[in-house]
Amino acid sequence: MSAHADSAVRAQESDRSVSYRERLAALNVAPLWDVLKGLVPNEPRPKARPHAWKWAVMRDRLIESGAVVSAEEAERRVLMLMNPGLEGLPNATDTIYAGLQLILPGEIARAHRHSQSALRFVLEGTGGYTSVDGVRTEMLRGDFIVTPAWTWHDHGNDGDGPVVWLDGLDVPLVSFLRAGFREEYEESNQFPRTGESDQVLTRYSDALLPIDSSHAGPTSPIFNYPYARTREVLDRLARYSDVDACHGVNVRYANPLTGGWAIPTIAASMRLIPRGLTTEFFRSVEGTVIVGVEGSPAVEIEGAGRLDIAENDVFIVPGWSRWRMSAGDISDAVMFTYSDRPVYEKLGLYRETRG
Ligand code: GTQ
């Protein structure tokens, strides 16, 4: 065959291949062999990037939001943390939402409910409160507060300064599953008061549980895990138990009725890294949100550098990235973290490596 005929056949071949693909596309099918390795990758390739939102800057922008919109107009006055790797999606990691919420003295963020579960991690202020199905809890710095899916919740501020907290929600997951519903409470701004959260804490704490609990649903009956208690536990553990090489002294917020995570889709924990300690590298499949609570730790992500975390800074470690923490030499460091690890665990997808 002449060189000319050869290339004509090849041109025809490639023409046929193009038209084959076109014919496939018209049938709403596509060849797997073009994309197999992307579809079934060797290992996860998160799009989220390591990123920090520094409190020193964010606080000013949040206070400014108080002049831009009222809680009444906004319903929730929140600056969403948009990971720069995720092209405009309101996601902090590939699969988790985070936002900073401001409520000013006298304001009420009116009652609504939705299918998404939420956590509140309180960053600043006194006099703030949040209510779930009419049970109210005070919000103090470092408190971890649970808003179960599909419960009526409103927030308010009876104090005389701004109150700020971090919202963590399973928004991206619920959105991916197309399982989101939402309702406004029409009768009034606030759901009628039915109780105080200390009654709930008293009823379900200290590994002594009511023999007949009427609590229903997969979310913890404990509404607020106050920082003062969490801190005391960390101190005691730091004195009397082993320090994990990867996690330091790390406690997870549990549902006392099941021993599982406090929120069925969200894992939250608080850790203390003793002064002078640098942990060993760790990675797990899910992306993690970290909040600086005390001290001045640094977080290092392998291949992406080291970042100093000041109090109330929010930092993202993307999934499947090796990271480690150091407390520095001046004081112990305390950090709050959350992720959607329970979802991976329930689906048999959870993986981690140490070292
Ligand atoms: O406080 O109910 O950051 O519904 C996003 C959606 C907070 C809330 C957010 C919400 C809320």
Side-chain angles (χ1 to χ4, degrees), residues 21 29-53 80-98 116-117 119 168-179 244-248 250 252 260-261 263-269 271 273 277-291 297-307 309 313-326 335-355:
R21 267 150 225 273
V29 293
L32 171 65
W33 57 91
D34 281 353
V35 294
L36 178 64
K37 292 199 169 92
L39 211 64
V40 188
N42 292 342
E43 56 175 21
R45 287 184 220 123
K47 284 192 174 164
R49 289 207 285 264
H51 190 78
W53 290 268
M80 303 185 295
L81 305 188
M82 318 264 289
N83 190 290
L86 296 176
E87 293 145 11
L89 286 174
N91 300 359
T93 73
D94 285 74
T95 53
I96 272 276
Y97 166 100
Q116 294 82 0
S117 295
L119 68 83
L169 283 87
D170 53 9
V171 162
L173 175 73
V174 174
S175 160
F176 178 72
L177 296 174
R178 307 289 188 263
D244 183 90
C246 291
H247 304 300
N250 195 5
R252 61 189 180 84
W261 302 101
I263 301 174
T265 49
I266 303 177
S269 79
R271 72 186 74 205
I273 310 296
L277 181 75
T278 297
T279 65
E280 283 170 18
F281 279 112
F282 174 80
R283 70 175 164 174
S284 54
V285 274
E286 86 285 16
T288 302
V289 183
I290 303 175
V291 185
V299 171
E300 180 189 345
I301 299 184
E302 195 180 52
R306 209 186 98 111
L307 195 103
I309 308 272
D313 286 354
V314 182
F315 182 61
I316 302 305
V317 177
W320 214 233
S321 317
R322 280 197 183 79
W323 61 292
R324 65 179 173 184
M325 299 153 274
S326 35
M335 284 177 275
F336 172 79
T337 63
Y338 75 92
S339 76
D340 44 4
R341 173 171 166 173
V343 178
Y344 297 76
E345 289 175 342
K346 280 168 186 149
L347 300 177
L349 294 170
Y350 183 74
R351 279 206 205 195
E352 60 174 51
T353 65
R354 295 169 67 97

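In this text the structure is predicted, and so the values were computed from the model without any measurement.
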Looking only at heavy atoms, what is the nearest atom pair of [X] and [Y], with distance?
{"X": "Asp170", "Y": "Thr265", "result": "OD2-OG1, 2.6 Å"}
{"X": "Tyr350", "Y": "Val285", "result": "CA-CG2, 3.9 Å"}
{"X": "Pro318", "Y": "Ser321", "result": "O-OG, 3.0 Å"}
{"X": "Ile266", "Y": "Trp261", "result": "O-CB, 3.9 Å"}
{"X": "Ala92", "Y": "Ala48", "result": "O-CB, 4.4 Å"}
{"X": "Arg49", "Y": "Pro84", "result": "NH2-O, 3.4 Å"}

Check whether any side-chain heavy atom of [X] sits under 4.5 Å from a side-chain heavy atom of [Y], and report yes or no.
{"X": "Glu286", "Y": "Thr93", "value": "no"}
{"X": "Met335", "Y": "Pro297", "value": "yes"}
{"X": "Pro172", "Y": "Asn91", "value": "yes"}
{"X": "Arg351", "Y": "Trp320", "value": "yes"}
{"X": "Phe282", "Y": "Val317", "value": "no"}
{"X": "Tyr338", "Y": "Val291", "value": "no"}

Gap separating the [atom1] atom of [X] from the [atom2] atom of [Y], nearest 0.5 angstrom:
{"X": "Glu300", "Y": "Arg322", "atom1": "CD", "atom2": "CZ", "answer": "12.0 Å"}
{"X": "Ser175", "Y": "Leu89", "atom1": "OG", "atom2": "CG", "answer": "8.5 Å"}
{"X": "Leu173", "Y": "Asp340", "atom1": "CG", "atom2": "CG", "answer": "7.0 Å"}
{"X": "Leu81", "Y": "Tyr97", "atom1": "CG", "atom2": "OH", "answer": "8.0 Å"}
{"X": "Ser269", "Y": "His247", "atom1": "OG", "atom2": "NE2", "answer": "8.5 Å"}
{"X": "Ile316", "Y": "Asp94", "atom1": "CD1", "atom2": "CG", "answer": "10.5 Å"}

- [ ] Kindly determine whether Cys246 and Glu352 satisfy side-chain contact (heavy atoms from CB on, under 4.5 Å), including the steps that lead there.
- [x] CA-CA 11 Å; Cys246 291; Glu352 60 174 51; over 6 Å; no
TODO: Begin from the C-alpha positions of Asp34 and Arg21 and carry the test salt bridge (charged side-chain N to carboxylate O under 4.0 Å, His left out) through to its verdict.
DONE: CA-CA 11 Å; Asp34 281 353; Arg21 267 150 225 273; 2.4 Å; yes
TODO: Determine, stepwise, if the pair Ser339 / Thr288 fulfils side-chain hydrogen bond (donor to acceptor under 3.5 Å, both in side chains).
DONE: CA-CA 5 Å; Ser339 76; Thr288 302; 4.8 Å; no
Open item on the list: Below 30° counts as parallel, above 60° as perpendicular, anything between as tilted: where do the rings of Trp53 and His51 land?
Closed with: perpendicular
Open item on the list: So does Met325 get a backbone contact from the side chain of Thr279, meaning a donor-acceptor N/O pair under 3.5 Å?
Closed with: yes
Open item on the list: Whether the side chain of Lys346 engages the backbone of Pro264 through a donor-acceptor N/O pair (distance < 3.5 Å, no angle test) should be reported.
Closed with: yes
Task: Stepwise side-chain contact (heavy atoms from CB on, under 4.5 Å) test for Ile263 and Leu119 - done: CA-CA 8 Å; Ile263 301 174; Leu119 68 83; 3.9 Å; yes
